[in-house]
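Along the sequence shown, the residues carry numbers beginning at 1. Whatever order the structure lists ligands and atoms in, that order sets their numbers, starting from 1. This structure is a prediction, so every number in the text was calculated from the model and none was measured.
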Amino acid sequence: MGKKEFLYEGKAKKIYGTPDPDYLIVEYKDTATAFDGLKKENLDNKGVLNNKIAAIFFELLEKNGISTHFVKNLSDREMLVKNLEIIPVEVIVRNIVAGSLSKRLGVEEGTILNKTVLELNLKNDELHDPMLNHYHVYALDLASPQEMAEIEKMALRSNEILKNFLLTKNIVLVDFKLEFGRHKGEILLGDEISPDTCRFWDAVSGKKMDKDRFRRDLGGVTEAYQEVLKRLQKAD
Ligand code: UDP
């Protein structure tokens with residue numbers, strides 16, 4: 001892959017163009033942010049860890065029939081991905097009550113949900129990612145009903161694949177956020193899957209191994225991410 005051209009900088013990643021408009025390079029940064037960017041810190045090596053963790057998850061999903069934007073890792077911090085037209089609807093998948101759901105519905109964190117919950121949020125930091133329902137999605141033309149059916153099927157299937165895989169590593173997948181986009185007429189899973197975008201609890205101790213350590217000032221953030229990577233890389 002030849003020369004890269006800087007396109008965009010987000011909170012946790014920088015995006016570069018490539019000579020082929022169908023492909024982009026994602027560079028994972030060390031910056032950690034929470035509360036829509038209000039809390040911000042540099043965490044040494046976080047970008048390297050997330051790049052590696054996300055690659056493992058994308059490869060696992062691809063192997064199990066989920067089409068993703070991931071092509072390959074290019075370096076410690078960079079991955080080559082397919083260029084998506086991002087659908088501005090964040091899909092949250094929940095197996096256990098935590099975070100905003102616990103606050104919103106007054107249900108204790110850790111409560112196991114009888115059925116997997118899917119939530120849709122508008123991808124818009126200024127508005128604090130407000131929740132959407134299907135009426136909003138179609139009325140605002142964010143995605144078609146056919147696309148949403150495909151997206152929700154992919155989200156639920158990804159949950160099963162990731163949840164079962166993580167359990168073999170003694171990690172409970174509490175909840176996570178996915179983003180999708182269009183590429184040559186196909187819906188692909190995009191963005192990242194990492195401890196920044198998922199809640200991971202140790203299956204034995206319940207210890208948090210994700211960005212809640214940063215959000216809640218629990219310390220040991222990169223150590224926890226490192227432990228996640230170590231467990232994912234360990235052969236069964
Ligand atoms: N999440 C995310 N980006 C967001 C919002 C949520 O990656 O903009 C992830 C978050 O890390 C968690 C899950 O989605 O794994 C559910 O988050 P929640 O709605 O509880 O919000 P939070 O309490 O994390 O703000």
Side-chain angles (χ1 to χ4, degrees), residues 9-13 26 28-29 31-41 43 46-47 49-51 53-54 57-58 61 68-69 86-113 115-133 136 142 151-152 154-156 158-163 165-167 171-181 189-203 206-218 221-222 224-225 228 232:
E9 179 157 5
K11 286 180 296 204
K13 300 187 282 290
V26 176
Y28 286 75
K29 303 194 294 177
T31 325
T33 66
F35 314 118
D36 300 316
L38 239 65
K39 182 177 160 95
K40 192 171 167 184
E41 223 173 276
L43 297 173
K46 180 184 77 99
L49 295 169
N50 277 359
N51 181 40
I53 292 170
F57 287 139
F58 281 132
L61 291 173
T68 80
H69 71 159
I86 288 285
I87 296 169
V89 177
E90 297 186 347
V91 180
I92 309 254
V93 185
R94 300 180 183 274
N95 297 306
I96 296 178
V97 175
S100 69
L101 181 66
S102 167
K103 291 204 188 87
R104 189 158 17 98
L105 300 186
V107 181
E108 198 185 339
E109 202 163 67
T111 306
I112 295 172
L113 293 157
K115 194 175 189 303
T116 307
V117 170
L118 285 192
E119 290 173 3
L120 308 176
N121 288 347
L122 179 67
K123 187 174 156 63
N124 185 321
D125 277 346
E126 274 164 48
L127 299 176
H128 312 294
D129 298 346
M131 198 183 276
L132 301 168
N133 65 29
H136 298 116
L142 304 176
I151 284 171
E152 288 174 19
M154 289 170 76
L156 290 172
S158 300
N159 182 42
E160 293 307 313
I161 297 162
L162 294 171
K163 192 173 65 176
F165 171 72
L166 282 160
L167 259 193
I171 296 174
V172 175
L173 178 59
V174 174
D175 58 26
F176 58 105
K177 187 252 316 180
L178 297 176
E179 293 183 26
F180 295 85
L189 175 60
D191 193 46
E192 70 178 282
I193 309 171
S194 74
D196 271 6
T197 63
C198 304
R199 282 194 173 94
F200 296 136
W201 292 352
D202 181 89
K207 183 184 155 175
K208 297 184 196 315
M209 306 173 76
D210 55 61
K211 200 162 92 171
D212 270 348
R213 302 204 71 80
F214 172 69
R215 293 189 190 97
R216 303 179 190 191
D217 292 319
L218 299 174
V221 186
T222 43
Y225 286 34
V228 169
L232 298 185

Just checking, Lys46 and Tyr225: is the charged tip under 6.0 Å from the six-membered ring centre and within 45° of the axis?
no
Note: Ala98, heavy atoms under 4.0 Å from ligand 1, region reported as backbone
Which atom names give the shortest non-hydrogen contact between Lys13 and Asp191, and what distance separates them?
NZ-OD1, 3.1 Å
Expected output: side-chain Asn124 to main-chain Asp129 donor-acceptor under 3.5 Å
no
Does Glu119 come within less than 4.0 Å of Arg104, counting only side-chain N to carboxylate O?
yes
Could you work out, for atom 10 (C) of ligand 1, the closest of Arg215, Arg94, Lys177 by heavy-atom distance?
Arg215
If we set the cut-off at 4.0 Å for heavy atoms, which region of Asp129 has an atom near ligand 1: side chain, backbone, both, or neither?
side chain
Hey, are Asp210 and Arg199 close enough for a salt bridge, meaning a charged N less than 4.0 Å from a carboxylate O?
no
Output the list of atoms in ligand 1 that are nearer than 4.0 Å to some heavy atom of Gly99, sorted by atom number.
20 (O), 23 (O)
Looking only at heavy atoms, is any part of Asp175 under 4.0 Å from ligand 1, and if so is it the side chain, the backbone, or both, or is it neither?
both
Which of the ligand 1 atoms, numbered from 1, are nearer than 4.0 Å to a heavy atom of Asp196:
7 (O), 11 (O)
Protein contact of atom 23 (O) of ligand 1 - nearest heavy atom, named by residue and atom, plus distance:
Arg199 NH2, 3.0 Å
What part of Ser100 sits under 4.0 Å from ligand 1 if we count only heavy atoms: the side chain, the backbone, both or neither?
both
4.0 Å heavy-atom contact, Asp125 with ligand 1
no
Protein heavy-atom partner closest to atom 4 (C) of ligand 1 - residue, atom, separation in Å
Glu90 OE1, 3.8 Å
Which protein non-hydrogen atom lies closest to atom 6 (C) of ligand 1, naming both residue and atom, and how far is it?
Ile92 CD1, 3.7 Å
Under a 3.5 Å distance rule, please check whether Glu109 uses its side chain to pair with a backbone N or O of Gly99 as donor and acceptor.
yes
Does the pair Glu192/Lys211 count as a salt bridge with the N-to-O cut at 4.0 Å?
no
Under 4.0 angstrom from ligand 1, any heavy atom of Glu119?
no
So, taking the atom named OG1 in Thr68 and the one named CD1 in Ile193, what distance separates them when rounded to the nearest 0.5 Å?
7.5 Å
